[in-house]
Number of protein chains: 2
Amino acid sequence: MGIEPNGRRVSVKDVAAAAGVSLGTVSNVLNRPEKVLPATREHVLAVIGDLGFVRNDAARQLRAGTNHAVGMIVLDVRNPFFTDVAQGVEDRLSEHGRPLILGNSGQDARRESTYLDLFEEQRVSGLLITPVGQVLPRLRRLRERGTAVVVVDRRTGTREFSSIAVDDKLGGRIAAQHLVDCGRRRIAFVGGPKGLNQVKHRLRGAQDVVDASPGTRLTFVETPMMDAVAGRQAAEQLLALGKRARPDAIFAANDLIALGVLQALTLAGVRVPDDVAIIGYDDIDFAASAAIPLSSVRQPREQLGNVAADTLLEVIADPAAKVRDVVLEPELVVRRSTAG
Amino acid sequence: MGIEPNGRRVSVKDVAAAAGVSLGTVSNVLNRPEKVLPATREHVLAVIGDLGFVRNDAARQLRAGTNHAVGMIVLDVRNPFFTDVAQGVEDRLSEHGRPLILGNSGQDARRESTYLDLFEEQRVSGLLITPVGQVLPRLRRLRERGTAVVVVDRRTGTREFSSIAVDDKLGGRIAAQHLVDCGRRRIAFVGGPKGLNQVKHRLRGAQDVVDASPGTRLTFVETPMMDAVAGRQAAEQLLALGKRARPDAIFAANDLIALGVLQALTLAGVRVPDDVAIIGYDDIDFAASAAIPLSSVRQPREQLGNVAADTLLEVIADPAAKVRDVVLEPELVVRRSTAG
DNA sequence: TTTCGTCGTTGAAAGGTTTCAACTACGGTT
DNA sequence: AACCGTAGTTGAAACCTTTCAACGACGAAA
């Protein structure tokens, strides 16, 4: 089934021959069934079933000049925040029958570039990206070629591409203000690398609050990644400082880091939140079920995904659509790790 | 850049014209550079850069008859176990320059079928799948068409397709034996739907241990899904039983369920592990950082992904390669949720 | 009877890449 | 001087789908 006696795959041509119609008719049955006499249609469909014919997408794309699918490059598939966003995107796209091709840059500019190559060669109709490296020129080129581009969880600065982001500076302020309100004075911000805009903005927001609050100060512990391992390593650094110099509050750039920090600190006998308060960022599902339930700054992730997909579909439909710059607001979630 | 003055995309033909060579030579530069005089090669490459030419993958695939990419259908992207496996696969594939197209069935046979359609139309060269529905006929058809198929985290029963799995029955035995060794007698197994082989085998393993241990018994609490929400709901059911009838140990079919159960029980004031011991399955990263660190049965996930990718590459290279049936062994990880 | 419209069907053309048999040019042999 | 072999290059053919101008058949209108 699906293979002709001569060993070749079944094509529309074979179907046409077997059904005794022209290949144009077969194509019509597939794409504009209402143009075809019901009797013919049924017959052709029967033959298609018998022969096990399956459309060759490469040929279809070649003809159409563009791939129906949408590409998405996420920063880290192992971070539930991004899979939740991707889920939101996929839900919306699948309503429109468009497949999503997911690429994982893992915060590596080289891998990001590889996926951009792939998507460019594939002529995807749209691209969703949370950029790592210097990709603006590539994005411009893609757009010139007719690929819709929407930036996710980041703003480009230039008003060239639509973007859906969460206000990171506000999030940073919310987190820091909460720590200050809890009476904490020596705050450490853990995250990195500092080139990442998310990191920069969250840090900036926190800095604003500290600047406006006499008697408080902020230190920056840079990490090479945004995962739990990096969190544990950062915690080691803080522990090495000794009890005196140690901060009394930690603001982690995301929940994975926060969970790593939390784990290492409790293991070393530091009491959370008594000795050190911890607040994370993202409010992933696991934050609530941590050893000490984690306070966090919640981002509306599914919404982020939905809006991103909608915006992309809009740009695909009308490449001249005006550039949107959606900024969603994060929200404080208080749990035990900062109680008191 | 990338667009000819006439508005069309740049093709090999345009490059050939601009470089003053034939289109066969351009293709040679791209695919067999050693066949081309260095001077010519450099010149063509320069023109390619100037014109911003990018290969059209659809045309290449059409010609080749097969897509270079590999498709993978996972059961649930929001479960870290599967993203870890996918990561293992992607790592290995990217070493061979093959992109991975990830599809998420979300344990829904309809979505699984949609992705199978997609991959079939795309003529992917290989498919990795953790099946949900009755897909054997589809898999057979794919193989007839020349697509390599490897089943992941499951065995097919028939010896038709290579599979990489972890011994679920052994895992079930390990978990149950551990609970019995801790002195627990009334064990509840939480998971489902029971049609899933993973669930069936883990349950069977547990049953074996219970049958061999006088004075113990096992009840089965079926869930509709394998996520934290289902775990919380199952916990409600157990709580409704009342203190007396309640089990003194719970074996959850995966860690997400276990975390859900744990959350709901502690919220209701049940002490873990004193009143009820809990053990999960998978040993995802978050198991260790749960409110009460979770005992679990660890599966070698990255290895699972690596071996799956290797096996698939083997089958792609030689479709007649003999069917492999790799079974990896799970391992007990004891933490606080079963201590004592 | 002729003419016109409509509906359904036809088949050639286009889309961009890769492959491969055929060709050219040129240095080396006899 | 004729011939051979090789390295480099050429361009037509094939891959499969979709589109669209053109065609045939048939019923209705003149």
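Worth saying up front: this structure is predicted, and the values here are computed from it rather than measured. Hydrogens, waters and symmetry mates play no part in the numbers below; they use all other heavy atoms, side chains included.
Annotation: salt bridge (Lys or Arg N to Asp or Glu O under 4.0 Å) contacts involving residues 67-83 of chain B, sequence neighbours excluded, comprise Asp84(A)-Arg78(B), Glu302(A)-Arg78(B). Residues in residues 122-133 of chain A take part in no salt bridge (Lys or Arg N to Asp or Glu O under 4.0 Å) pair, two or more places apart or across chains.
Remark: Glu314(A) pairs with Arg324(A) by the salt bridge (Lys or Arg N to Asp or Glu O under 4.0 Å) rule, at least two apart or across chains. Under the side-chain hydrogen bond (donor to acceptor under 3.5 Å, both in side chains) criterion, Arg155(A) pairs with no residue at all, not counting sequence neighbours.
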Shorter than 3.5 Å, N or O on both sides, protein versus nucleotides 10-14 of chain D: list them out with atom names.
from	atom 1	to	atom 2	distance (Å)
dT10(D)	OP2	Ser22(B)	N	2.8
dT10(D)	OP2	Ser22(B)	OG	3.2
dT10(D)	OP2	Thr25(B)	OG1	2.6
dT10(D)	O5'	Ser22(B)	OG	3.4

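Non-hydrogen atoms lying under 4.0 Å from DNA chain C are contributed by nothing in residues 118-127 of chain B.
Computed from coordinates, the Asn56(B) CG to dC16(D) P distance equals 16 Å when rounded to whole Å. Taking atom CG of residue Asn31(B) and atom C1' of nucleotide dG16(C), one finds them 13 Å apart after rounding to whole Å. Going from atom CZ of Arg32(B) over to atom C1' of dA7(D) covers 14 Å, rounded to whole Å. Regarding Gln61(B), its CD atom lies at a distance of 12 Å from the C1' atom of dC15(D), rounded to whole Å. If you measure from atom CZ of Arg9(B) to atom P of dT17(C), you get 11 Å, rounded to the nearest angstrom. Going from atom NZ of Lys13(B) over to atom C1' of dG16(C) covers 9 Å, rounded to whole Å. When rounded to the nearest whole Å, the span between CZ of Arg41(B) and P of dA7(D) equals 15 Å.
Residues Leu30(B) and Phe53(B) have side chains in contact (heavy-atom distance under 4.5 Å, counting atoms from C-beta outward). Side chains of Ser105(B) and Leu75(B) form a contact here, defined as non-hydrogen atoms less than 4.5 Å apart.
With no hydrogens or angles considered, no side-chain donor-acceptor pair links Arg111(B) and Ser94(A) at under 3.5 Å.
Residue Glu34(A) qualifies as enclosed at atom CD: its count of foreign heavy atoms under 6.0 Å is above 12.
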